[in-house]
Every structure is written in structure tokens, then in C-alpha cells.
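Throughout, numbering of the chain's residues begins at 1 and tracks the sequence.
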Amino acid sequence: MRNQSDILDSLLVVEYQNGNKKALALLVKRWHSKFCHLAYGYTRNFSDAQDVVQDSWQTIIKKIKQIRDPNAFKSWASRIVVRKAIDRVRGNKFDSLENREIATEREEEPEPSDEGMRIKRVQRAIRNLPEKQQEVVRLFYSEAFSLDEIADILKISRGTVKSRLYYAREALKQILKTD
């Protein structure tokens, strides 16, 4: 069953496809911060995430009139953001050693609470997973996408999503057990 938010998105897509420019403005308003959060999960840099989302909106606006199923807006647009974020991260793999050291120092700053320390431990453990498992964990737990939506976003089967989640959980258990 679709929720009211998904129905509203579908209506806005149809309205924009029929020439209502205000519908696009509402879509941007509804999704921009969510897309920034999604992109940040990959880039780990707010500025890069904003750039990714800006590029993504250009693509979304250019291709939104071609969407055959307006109900698929959420996963279709999210897939664009994820792909652009992945491309951005792959392009930035060769950052200077100095930037990596600064990022590592920030990661290791102690949190004042036990809960904060546990969260940091889990985040570090997730970063130790293979990239494909990280993607699925991020989309499932952080972004709360369903298995079917993740399959659609990543263009893989539902079974592959389930498998990656299973192996990611098992790896996280091992990583966290040894920490």
C-alpha cells in the first residue's frame, strides 16, 4: 500500500508533465534535503553532497517528462542521486594523504556519551564493509528504503539485496565482536 507522500509525489510528477511548473518547485522542496542526506551518506562531505544533488536535479528535470510511471519517482530520482554520488566518490578516491589524515582524526574524536561512542563504532564498522554491502546497508537502515526500492535504485534483484544485507550483517557482527 502506498502512503500519502508517495501519492502526492506521483500527482506532482503528473502535474509537471502536464506543464505546471509549480509542481516541480514543490517536488524540489519536498526532496532536496532528503537527497542531500542520501548523497552525504556516500560522499561524507556536505559540499560534495550538495554538488551531487545539484547535478542530480539537472538530470531529473531534464528527464522527468519521460517517466512512464509517476509512482516510481522516489526510486527513480534516488537512483540518479546514488549513481552521481558513487561517481563523485570514485572521482575523489585520490584525495591527498593530508585530507585523509584530517578525516581520520575527526572520526577518532571521542564522543562524550556511551551511545555516541557506540554509534561511531558502528559507523566505522560499516565503512569496513565492501562498497556494495555499504550501499545496501545505508539505503536500508539510514534511508529506510524497502528491499524492492533498493533493488530498483541499484538495478539489482531483490534476492541480491537480501543477500548483501545478510552478509553485511554477518560481517558487522564479526567486526564489532573484535572491536
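S163 places no side-chain N or O within 3.5 Å of a backbone atom of G159 that could act as its donor or acceptor partner. The main-chain N or O of V122 is never found under 3.5 Å from a side-chain atom of R127 such that the two would form a donor-acceptor pair. Using modelled atom types, no side-chain atom of Q174 and backbone atom of A171 make a donor-acceptor pair closer than 3.5 Å.
Scored by the side chain to side chain donor-acceptor pair (under 3.5 Å) test, Q133 finds no partners at all (sequence neighbours excluded).
With a 4.5 Å cut-off on side-chain heavy atoms, R90 and E131 count as touching. By the 4.5 Å heavy-atom criterion applied to side chains, V52 and Y40 are not counted as neighbours. D51 is listed as a side-chain neighbour of R88, based on a closest heavy-atom distance under 4.5 Å. Between I61 and Y16, some side-chain heavy-atom pair lies under the 4.5 Å cut-off. Contact of the E143 side chain with the H37 side chain is registered, since non-hydrogen atoms from C-beta on lie closer than 4.5 Å. Between D6 and F73, the closest side-chain pair of non-hydrogen atoms is not below 4.5 Å. Annotation: side chain of R164 is in contact with side chain of I156 (closest heavy-atom distance under 4.5 Å).
Of the charged side-chain nitrogens involved, none lies within less than 4.0 Å of a carboxylate oxygen, so that E135 and K132 do not count as a salt-bridged pair. The pair D9-K74 does not meet the salt-bridge criterion, since no charged nitrogen lies less than 4.0 angstrom from a carboxylate oxygen. A salt bridge does not link K84 to D55: none of the charged side-chain nitrogens sits closer than 4.0 Å to a carboxylate oxygen.
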Discussion item. One pair to check against side-chain contact (heavy atoms from CB on, under 4.5 Å): K173 and E170. What are the steps and the verdict?
Written reply: CA-CA 5 Å; K173 286 178 194 175; E170 293 301 309; 3.1 Å; yes
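A donor-acceptor pair shorter than 3.5 Å can be found between the side chains of S75 and D152. Between the side chains of R30 and S5, a donor-acceptor pair is found at a separation under 3.5 Å.
The number of heavy atoms from other shown groups lying within 6.0 Å of NZ (K63) does not exceed 12.
By the rule that hydrophobic residues join a cluster once side-chain heavy atoms approach within less than 4.5 Å of another member, L8 and V14 end up as members of separate clusters. When the side chains of ILVMFWY residues are joined at heavy-atom separations under 4.5 Å, either directly or via intervening members, W57 and F46 end up in two distinct hydrophobic clusters.
Between A144 and E149, the shortest heavy-atom contact is O-OE1, 4.5 Å. When all heavy atoms are compared, the tightest approach of V53 to A39 is CG2-CB, 4.0 Å. Nearest heavy-atom pair, V13 versus P70, reported as atom, atom and distance to 0.1 Å: CG1-CB, 3.9 Å. The minimum heavy-atom distance linking I60 with A77 is given by the pair CD1-CB, 3.7 Å. In terms of heavy atoms, R83 sits closest to L154 at NH2-O, 3.0 Å.
With rounding to the nearest 0.5 angstrom, the CG atom of N128 is 8.0 Å from the CD atom of Q134. Note: W76 CH2 to I153 CD1 = 13.0 Å, rounded to the nearest 0.5 Å. One finds the OG atom of S78 at 9.5 Å from the NZ atom of K34 (value rounded to the nearest 0.5 Å). A distance of 10.5 Å separates CD of Q66 from CD1 of I64, quoted to the nearest 0.5 Å. Once rounded to the nearest 0.5 Å, the distance linking CH2 of W31 with CG of L12 reads 11.5 Å. In this structure, F35 CZ and Q50 CD are separated by 15.0 Å, a value rounded to the nearest 0.5 Å.
Other residues sharing a hydrophobic cluster with Y167 under the 4.5 Å side-chain heavy-atom criterion for ILVMFWY residues are Y166.
Y42 carries R138 over the face of its six-membered ring, with the cationic atom under 6.0 Å from the centre and within 45° of the normal.
With L147 as the partner, the side chain to side chain contact (heavy atoms under 4.5 Å, CB included) test is satisfied by one option alone out of L139, T160, V161, V136: V161.
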